[in-house]
Amino acid sequence: MESNRGEMVSLKGKDIVTIGDLSEEEILTVLDMARTMIPIARGQKKSRALEGKVLASLFFEPSTRTRLSFETAMHRLGGSVITMSGTEGTSLIKGETLSDTIRMADVYSDVIALRHPREGAARLSAGFARNPVINGGDGAGQHPTQTLLDLFTIREELGDISKQHVTIVGDLKYGRTTHSLSLALARLGASTSLVAPDIIQMPKHIVADLRSMGADIHVTSDLKGEVERSDVIYMTRIQKERFLEEEEYRKVAGAYRLDLSLLESAKKRMIIMHPLPRVDEISPELDNTPHAKYFVQAFNGVPVRMAILKLVMGV
Amino acid sequence: MKDLRINPIKNGTVIDHIKPGTALKVLDLLKIDVTENKEISVAMWAHSKKLGYKDIIKVEDMELRPKQVNLLAVVTPNASISIIRDYKVIKKFKVELPSEIEGIVKCENLNCITNQREPVPSRLLKVGDEPQNYRCFYCGRDQENITSNII
């Protein structure tokens, strides 16, 4: 699905708030560009493509991978980063509105990467900033760059996304990555199994949206039964605080744990992904198997965010 | 002679076929100032051949436009509006769900940025044909009960 696009579509000046803001063509443009960024992301090749450009990295919530990979992406392309040291000492604690903080950061920089604890914060910011705003996760809402790096990982490892069967496992109710990933996979033609216990299964309106898109979706609570047909098993963390009883949590967490014995029927090329951080859902014994791609996936955050930064700045 | 609980009006607007029990909410939604010296008649739980029961509102000397009344579709989807001049109906229309509701209904997601001290009005977009099918433009939350979140 990567050729025959001729000229790349332009994303110059575009805000990326949800994965829905991008057309299929734009998604594939990001993935194509990301591939060319890999040697630069690894430090094997140098680039000054974003020299003189400034990224405002506004993280109002702790983040490791997203923040570091955005900032690394900017540095690898020769650009600079301005940032805040936590929320202490910043205008937020003095009662400044997000919209004022954004207006200020906007005139100091060329692009804004934002993470915020409130849902809708990125859409609001996009309305106030002249320059592009990239959502690095807002509350339980959207996290489009995670989805793009997930799609990138699948395509780099396995090829054509539309031919894959992706099994998404864990907290499908509250996990923001799983909602936008399942929608993007459906748009790109992949089939999906949604595996979770009933109480944290995918919200009905999302399943309805997926079905209305004509997606091949299988909703189940049985992980073992899905292993054999999966090309990708996408694990997510099940959060303890979603359960009223500790015992119930342990039971569920135990039933959704990948280990060697569970993978007996797996395809040879099947890959395991995880947005990280993981707790117990993937046994460390799998880390050195060819299936384990979660650290590659974490690395892919850099080339994908490099591609996004370049594209929205039109460089 | 037919017993009229509310008299016909000379000039103004009649809102008929209102879902029974919601007339006061309708007045509230239309932001009609009841402290003003204006003749307003309200009938609640009136018998209706078609609906069983209905509410009716008549406002003298005030002509409502479709845009103003469309929000009513959210609380009473079947309401009809008649504009009266000199005792005659000169225009009649039904309320239609607006494609967008701005600044009138707050997003029910308490963690939505619009429920913070930000200088933007709430903005809900219509995503289906049922009165409740609205989604927050900012946080994307599908609203479950927008009638209870009217500002």
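Chain letters run A, B, ... following the sequence lines, proteins first, then strands; residues in each count from 1.
- Considering only heavy-atom pairs separated by less than 4.5 Å from chain B, the leading option among Gly127(A), Ala126(A), Gly120(A) is Gly120(A).
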Output all donor-acceptor pairs under 3.5 Å across chain B and chain A; consider backbone as well as side chains.
from: Asn109(B); atom 1: ND2; to: Glu119(A); atom 2: OE1; distance (Å): 2.6
from: Asn111(B); atom 1: O; to: Glu119(A); atom 2: N; distance (Å): 3.1
from: Asn111(B); atom 1: OD1; to: Arg118(A); atom 2: NH1; distance (Å): 2.7
from: Asn111(B); atom 1: ND2; to: Pro117(A); atom 2: O; distance (Å): 3.0
from: Asn111(B); atom 1: ND2; to: Glu119(A); atom 2: OE2; distance (Å): 2.8
from: Ile113(B); atom 1: N; to: Glu119(A); atom 2: O; distance (Å): 2.8
from: Gln116(B); atom 1: OE1; to: Arg118(A); atom 2: NH2; distance (Å): 3.4
from: Arg117(B); atom 1: NH2; to: Gly95(A); atom 2: O; distance (Å): 2.2
from: Glu118(B); atom 1: OE1; to: Leu98(A); atom 2: N; distance (Å): 3.4
from: Glu118(B); atom 1: OE1; to: Ser99(A); atom 2: N; distance (Å): 2.9
from: Glu118(B); atom 1: OE1; to: Ser99(A); atom 2: OG; distance (Å): 2.7
from: Glu118(B); atom 1: OE2; to: Leu98(A); atom 2: N; distance (Å): 2.6

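- Pro203(A) does not touch chain B: none of its heavy atoms, backbone or side chain, sits under 4.5 Å away.
- Summarising the local packing, NZ of Lys126(B) is surrounded by more than 12 heavy atoms from other residues, nucleotides or ligands at distances under 6.0 Å.
- Contacts with chain A (heavy atom to heavy atom, under 4.5 Å) involve no residue of residues 50-58 of chain B.
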